[in-house]
Amino acid sequence: LDEIEDNVRFRYLESQAAAEAELRAGALAQRLVTDRPQDDAAWQTSMDHLSGEIGSIAQYQGRLNVGADLEQCLNTYFDLHNRINHCTLYANLQHETQLDSATFTSMQSESLALMDDVMERASFLRGEILALTHEQMERAYQDQPELQRHEPYLDNLRRRRERVLG
């Protein structure tokens with residue numbers, strides 16, 4: 001009987017998780033459509049702004065043992081990553097409409113290079129997050145409740161700590 005109850009509970013939770021994931025996917029799809037640049041000029045403006053902002057991630061290097069810095073750093077990183085992703089999405093869609101366009105090929109390459117740049121500048125994140133102890137993470141979650149929005153990312157990274165190269 002316990003096994004049946006566990007199976008029913010699992011199926012219920014599984015269906016809830018699937019429904020929540022579907023809602024999140026729909027919201028993300030809507031956001032991607034509305035947040036991406038609407039034309040080439042807006043794309044260039046976004047790229048110019050982002051190129052100037054990506055250096056801001058460096059201010060957090062060596063400071064991720066403090067909850068507020070960790071939360072602010074992750075907010076900065078994911079904000080930059082998402083906005084660059086929107087530019088990349090726009091460039092990719094433009095390129096797919098005209099594969100022989102040198103302009104769109106260049107836009108695609110430029111946006112991917114900017115994504116590579118932000119990923120390279122944020123490469124310290126993995127090592128510093130993996131260096132945090134369980135106790136430090138628990139304290140950070142208590143001191144900075146806003147950090148919990150990044151808990152799935154942090155937990156997934158830390159869960160794989162034995163298999164991740166620093």
Side-chain angles (χ1 to χ4, degrees), residues 6 9-38 42-93 110-166:
D6 286 345
R9 188 173 321 137
F10 173 77
R11 297 235 184 261
Y12 173 74
L13 292 174
E14 185 178 49
S15 67
Q16 270 190 318
E20 289 172 10
E22 192 172 320
L23 286 174
R24 283 193 308 271
L28 176 61
Q30 182 62 36
R31 200 173 80 231
L32 285 174
V33 169
T34 58
D35 289 353
R36 71 179 167 86
Q38 298 303 309
W43 177 87
Q44 189 61 59
T45 299
S46 293
M47 290 292 291
D48 291 344
H49 285 289
L50 288 163
S51 293
E53 290 179 43
I54 61 173
S56 66
I57 198 84
Q59 68 182 312
Y60 299 104
Q61 190 166 2
R63 297 178 34 203
L64 297 188
N65 60 344
V66 179
D69 287 334
L70 179 57
E71 193 246 334
Q72 290 170 0
C73 179
L74 291 173
N75 287 345
T76 300
Y77 170 71
F78 285 117
D79 176 62
L80 289 168
H81 190 280
N82 289 338
R83 290 189 295 140
I84 294 169
N85 190 48
H86 292 150
C87 288
T88 302
L89 174 65
Y90 178 82
N92 286 341
L93 291 172
E110 188 179 339
S111 61
L112 290 171
L114 191 60
M115 182 65 81
D116 286 345
D117 194 10
V118 79
M119 303 274 292
E120 182 180 326
R121 290 174 188 241
S123 63
F124 67 90
L125 279 169
R126 178 184 295 176
E128 290 191 32
I129 290 169
L130 291 176
L132 298 172
T133 66
H134 178 74
E135 292 76 24
Q136 287 174 307
M137 285 304 304
E138 289 303 312
R139 193 169 343 111
Y141 287 135
Q142 289 173 356
D143 294 347
Q144 288 296 129
E146 299 85 11
L147 183 60
Q148 291 180 355
R149 71 182 271 211
H150 300 296
E151 192 171 6
Y153 169 78
L154 294 166
D155 287 352
N156 188 45
L157 180 60
R158 294 174 56 73
R159 176 182 57 81
R160 298 177 297 135
R161 79 180 328 148
E162 300 302 320
R163 300 183 305 274
V164 173
L165 299 175

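In this chain, residues are counted from 1 in sequence order.
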Decide yes or no for L114 and C87: does some side-chain heavy atom of the first lie under 4.5 Å from some side-chain heavy atom of the second?
-> no
Roughly how far, to the nearest 0.5 Å, is CD of E135 from CD of E138?
-> 8.5 Å
Is there side-chain contact between L132 and R158, with heavy atoms separated by less than 4.5 Å?
-> yes
Atom CE of M115 and atom CG of L80: how far apart are they, to the nearest 0.5 Å?
-> 9.5 Å
Closest heavy-atom pair, E128 versus Y60, reported as atoms and distance to 0.1 Å, is OE1-O, 4.1 Å
Heavy atoms of other groups near Q59 CD, more than 12 under 6.0 Å = yes
Any pair with a residue in residues 110-152 that passes ring-ring contact (aromatic ring centres under 6.0 Å, His included), sequence neighbours left out, goes on the list, sorted by first then second residue, please.
-> F78-H150
Out of curiosity, N82 CG to H86 NE2, how far, rounded to the nearest 0.5 Å?
-> 5.5 Å
CG of D69 to CG of L147: how many Å apart, nearest 0.5 Å?
-> 11.0 Å
Report yes if some heavy atom in the side chain of W43 is under 4.5 Å from a heavy atom in the side chain of S111; otherwise report no.
-> yes
Are the side chains of R121 and V118 in touch, meaning some heavy atoms are under 4.5 Å apart?
-> no
Where is the tightest heavy-atom contact between T76 and S56, given as atom of each residue plus distance?
-> CG2-OG, 3.6 Å
Separation between CD1 of I129 and OH of Y153, rounded to the nearest 0.5 Å = 5.0 Å
Distance-minimising heavy-atom pair for L154 and L74 | CD2-CD1, 3.8 Å
More than 12 heavy atoms of other groups within 6.0 Å of M119 CE = no
Which value, rounded to the nearest 0.5 Å, describes the distance between L50 atom CG and I84 atom CD1?
-> 5.0 Å
